[in-house]
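Everything on this sheet refers to the single structure shown next.
All heavy atoms count here, side chains included; hydrogens, waters and symmetry mates do not. Here is the naming used below: chain letters follow the sequence lines, and residue numbers restart at 1 for every chain.
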2 protein chains.
Amino acid sequence: MKRSRVTLADVAALARVDRAVVSRVVNKDATLNIRPETRERVLAAVEQLGYRPNVAARSLRTARAHMFGIFVPDFANPVYAEIIKGAEAEAAAQGYVLVTGSATGAGLGGYMDRLGQGRVDGLLLAGAGGESGLVEQLDRAGIPWIMLNHRSRSVRRSVVLDDERAAALAVEHLARLGHRRIGHLAGPAGADTATRRSAGYSAAMRDAGLPEGPIVAADYTPAGGAAAMATMLAAAEPPTAVFVANVASAIGAMEAVRKAGLEIPREISIVAVHDLDLASYLFPALTTVRMPLAELGRRGVTLLGRLQPDEAVAEVLDGPIDLIQRRSTAPPPTP
Amino acid sequence: MKRSRVTLADVAALARVDRAVVSRVVNKDATLNIRPETRERVLAAVEQLGYRPNVAARSLRTARAHMFGIFVPDFANPVYAEIIKGAEAEAAAQGYVLVTGSATGAGLGGYMDRLGQGRVDGLLLAGAGGESGLVEQLDRAGIPWIMLNHRSRSVRRSVVLDDERAAALAVEHLARLGHRRIGHLAGPAGADTATRRSAGYSAAMRDAGLPEGPIVAADYTPAGGAAAMATMLAAAEPPTAVFVANVASAIGAMEAVRKAGLEIPREISIVAVHDLDLASYLFPALTTVRMPLAELGRRGVTLLGRLQPDEAVAEVLDGPIDLIQRRSTAPPPTP
DNA sequence: TGTGCACGCTCAATCGTTTGATCACGCGAG
DNA sequence: CTCGCGTGATCAAACGATTGAGCGTGCACA
């Protein structure tokens, strides 16, 4: 219920020492030579007054905010929620706090404006599309930033998931079940993740000695997935299994399969990238590839804390990727 | 790629005015009398140097951080994601930025510690359970705070949704379909929302002239919902329709119904509170009551900005509540 | 020819911490 | 007896913006 704020000076007065001493005690300055009893007096005063350092004053002096920013397209997308969770955990471990912003708020531009100067020590961009001028805008702000799960020539710092391995896991699973006509519902043309998942699909098919099945591009949305799957099923010889680049597309794809009068997994198997809670609530429960999304957020924060001002990085995250088998995949129908 | 930071003094020097003028121009101080040409000079200098105010210095001087904190149990829960979206939109409109924290990070205690003093101008607590000592801890920090969707005698500031009306909408929908035995999968005993939804259920049943059906408490989780629904179905005369207090419980409840060999909605109807995207992906698509979650977040931020230091508030949000009819409700079976 | 006032600025104190420099004191060595 | 040094502190200058008070013009009015 303290209304009047307690400052270093108050503590110093009560402990009968200089503010400098209090500052060094509070910050556990190792170079400080102090008598144990004095330290005790200081700590007691801190305790008694309920002193909490003023972060604005500290930031002003040290030019560090002890905050990181993270910008996502949409909080309601569980993929980004996982990334944020990981980022928050690592930030907390470093004593940092997270300033979140989303495209549903006022966009990246508005977010950066409100951030002003010196508010955050670094910025994490998750799933930012290739907005033109974005890189310039970011660099002009003079804030170190890292892009998550997206890379391009203009992005000097990025961490991405191993989408190729994820795709391989999915394809291998289907091939092991006996499928030979394995289609691919790819992501949208512009998306970097889509490119990498498609590359992984192609490589895995080649490794399995299978001809690349039909490939149709789809938005990362249920509607996009439904349309693409309808197209795929209308072909002369539809696949017996489909690797879908994204779980959102897969939801729509399943709907399209149902509409076409086919049964999952008896007549067609489906496996998608990203294991979200909702995958297990779908009917039938969706087989997925689990990506280390939280780890991606964690790694981003770690790098933000570690990187030197002009150090570049392009990392493929070395985290666990697992196939989560549920009910949507099974051996192909025997003709 | 500006590395050296631009300060007010730099701008002032370039524009050949005092720092004070620059400050007042930048902040659009209405009391400032200035010649248009001088203002132009200042703005041009700001532009040319790419000046952005240092938020630490500003916060130190004004004792306002232009940040609000928001603490949620879990980012991955779409209910909180919606609340955050609303809060962010309103915060952005006020020129504020949001510092998020979750229980999955380092808990409320850790979050508050990292917040220090003066980092945020106010704190929004969403869905915080009744942790003992929490209110004292919050008050001791001297930060204005508002609890969302939960109230108790020790909480002086809260905004809650109109859960009673939501329950009434659901019950009326079922009654209008012809159901007479309408059960209730209530929330956990401790939860404030559960209490209010149950009260709404009872009132609506009374209004409809129906006897209160079986009531079973369930955690707000799929597992909790499944167990509770199993119990309910095992009774002598199971209901033909169930009002479930939470969409997560409903997911489990639907599973339990399937396991019991009953068909939704032909043999039993289900309606739940909270309309999330995933509700439409369930099988069958779940009829829900849509609550203005984003509006709740928005309102919280608005109040944080408006309330006087010792002003209390206990508000029931007056936002739109709608029944979203999908496939999980239908008239009762004709015996 | 003063007086008063509005205009268009400038001055300088202040916010609370951090941190390099400095200082008093006592003690051991020469 | 004095010099030097380690110990355990203190001093004071930043950090960058805000803001109430002050100040010099020039013009209007008496």
Side-chain angles (χ1 to χ4, degrees), chain A residues 2 4-43 45-46 49-67 95 115-119 121 142, chain B residues 2 4-43 45-46 49-67 95 115-119 121 142:
Chain A
K2 295 239 162 14
S4 58
R5 302 289 54 219
V6 178
T7 74
L8 259 195
D10 300 328
V11 177
L14 180 61
R16 314 176 129 281
V17 294
D18 191 84
R19 308 198 307 281
V21 175
V22 181
S23 173
R24 289 189 240 251
V25 166
V26 167
N27 294 345
K28 308 195 199 317
D29 183 339
T31 75
L32 172 64
N33 254 332
I34 192 177
R35 253 185 323 218
E37 60 181 66
T38 312
R39 182 194 299 278
E40 284 313 311
R41 260 206 338 275
V42 171
L43 291 176
V46 164
L49 297 178
Y51 169 73
R52 322 187 76 200
N54 181 304
V55 295
R58 173 175 287 180
S59 291
L60 175 57
R61 181 62 227 247
T62 63
R64 320 219 78 236
H66 285 269
M67 294 207 262
L115 244 31
Q117 182 212 122
R119 176 104 65 183
D121 298 330
Chain B
K2 294 239 160 19
S4 58
R5 301 291 50 217
V6 178
T7 74
L8 259 196
D10 301 330
V11 176
L14 180 61
R16 312 176 132 281
V17 293
D18 191 83
R19 308 199 307 282
V21 173
V22 181
S23 172
R24 288 188 240 250
V25 166
V26 167
N27 294 346
K28 310 197 199 313
D29 183 340
T31 74
L32 173 65
N33 254 331
I34 192 177
R35 249 182 328 215
E37 61 180 67
T38 312
R39 182 194 299 279
E40 283 312 314
R41 261 207 335 277
V42 170
L43 291 175
V46 164
L49 298 177
Y51 169 72
R52 321 187 75 200
N54 181 305
V55 295
R58 172 176 288 181
S59 291
L60 176 58
R61 182 61 229 249
T62 62
R64 321 219 77 238
H66 285 268
M67 292 207 263
L115 244 31
Q117 183 213 123
R119 176 105 65 184
D121 298 330

**OP:** Report the nucleotide, chosen from D/dC15, C/dA13, D/dT10, that has the shortest atom-to-atom distance to any side-chain atom of B/Arg61.
**Re:** C/dA13

Original post:
For C/dT18, does either OP1 or OP2 sit under 4.0 Å from a side-chain N or O belonging to A/Ser23?
Top reply: yes

**OP:** Could you tell me the separation between the CZ atom of B/Arg19 and the P atom of C/dT10, rounded to a whole number of Å?
**Re:** 11 Å

Subject >> Distance-only donor-acceptor test, B/Arg24 side-chain atoms vs D/dG20 base atoms, 3.5 Å >> reply: yes

Original post:
How many angstroms lie between atom CG of A/Asp10 and atom CZ of A/Arg5, to the nearest 0.5 angstrom?
Top reply: 10.0 Å

Original post:
Whole-Å distance between C/dG16 P and A/Asn27 CG?
Top reply: 17 Å

**OP:** Figure out the CZ/P separation between A/Arg58 and D/dG16, and round it to whole Å.
**Re:** 18 Å

**OP:** Give A/Asp29 one of three labels, base, sugar-phosphate or nothing, depending on what nucleic acid heavy atoms sit under 4.0 Å from its own.
**Re:** nothing

Original post:
Would you say D/dG8 has OP1 or OP2 under 4.0 Å from some side-chain N or O of A/Thr38?
Top reply: no

**OP:** Give B/Val22 one of three labels, base, sugar-phosphate or nothing, depending on what nucleic acid heavy atoms sit under 4.0 Å from its own.
**Re:** nothing

Original post:
Is the distance from OP1 or OP2 of D/dA9 to the nearest side-chain N or O of A/Asn33 less than 4.0 Å?
Top reply: no

**OP:** Output, in order, the C-alpha distance, side-chain angles, deciding distance and verdict of side-chain contact (heavy atoms from CB on, under 4.5 Å) for A/Val17 and A/Arg41.
**Re:** CA-CA 9 Å; A/Val17 294; A/Arg41 260 206 338 275; 3.5 Å; yes

**OP:** Tell me what A/Ile34 touches on the nucleic acid: a base, only sugar-phosphate, or nothing, going by heavy atoms under 4.0 Å.
**Re:** sugar-phosphate

Original post:
Taking for each residue the nucleotide of DNA chain D with the nearest heavy atom, is it B/Val21 or B/Leu60 whose nucleotide lies nearer the 5' end?
Top reply: B/Leu60

Original post:
How long is the gap from CG on B/Leu60 to CZ on A/Arg61, to the nearest 0.5 Å?
Top reply: 12.5 Å

**OP:** On DNA chain C, check which nucleotide each of B/Ala57 and B/Pro36 is closest to and give me the residue with the more 5' one.
**Re:** B/Pro36

**OP:** Report yes if at least one side-chain N or O of B/Thr62 is closer than 4.0 Å to OP1 or OP2 of D/dT18; otherwise report no.
**Re:** no

**OP:** Output yes when at least one side-chain N/O atom of A/Arg35 is less than 4.0 Å from OP1 or OP2 of D/dA9, else no.
**Re:** yes

Original post:
Roughly how many Å is it from CZ in B/Arg64 to P in D/dT19, rounded to a whole number?
Top reply: 11 Å

Subject >> Reference residue B/Val25; test side-chain contact (heavy atoms from CB on, under 4.5 Å); the match among B/Val22, B/Val21, B/Asn27 >> reply: B/Val21

Subject >> Atom pair distance, as rounded to whole Å: NZ in A/Lys28 and P in C/dT18 >> reply: 13 Å

Original post:
5'-most contact on DNA chain C: A/Leu8 or B/Leu32, nearest heavy atom basis?
Top reply: B/Leu32

Original post:
Any donor and acceptor pair, going by atom type alone, linking the side chain of B/Thr62 with main-chain N or O of B/Arg58 inside 3.5 Å?
Top reply: yes

**OP:** State whether A/Asn54 places a side-chain N or O below 4.0 Å from either non-bridging phosphate oxygen (OP1 or OP2) of C/dC15.
**Re:** no

Subject >> Length of the line joining B/Glu40:CD and C/dG8:P, which is rounded to integer Å >> reply: 15 Å

**OP:** Classify the nucleic acid contact of B/Val26 as base, sugar-phosphate or nothing, counting any heavy atom under 4.0 Å across all strands shown.
**Re:** nothing

Original post:
How many angstroms lie between atom CG of A/Asp18 and atom CG of A/Leu8, to the nearest 0.5 angstrom?
Top reply: 9.5 Å

Original post:
Could you state the CG-P distance from A/Asp18 to C/dT22, rounded to the nearest angstrom?
Top reply: 16 Å

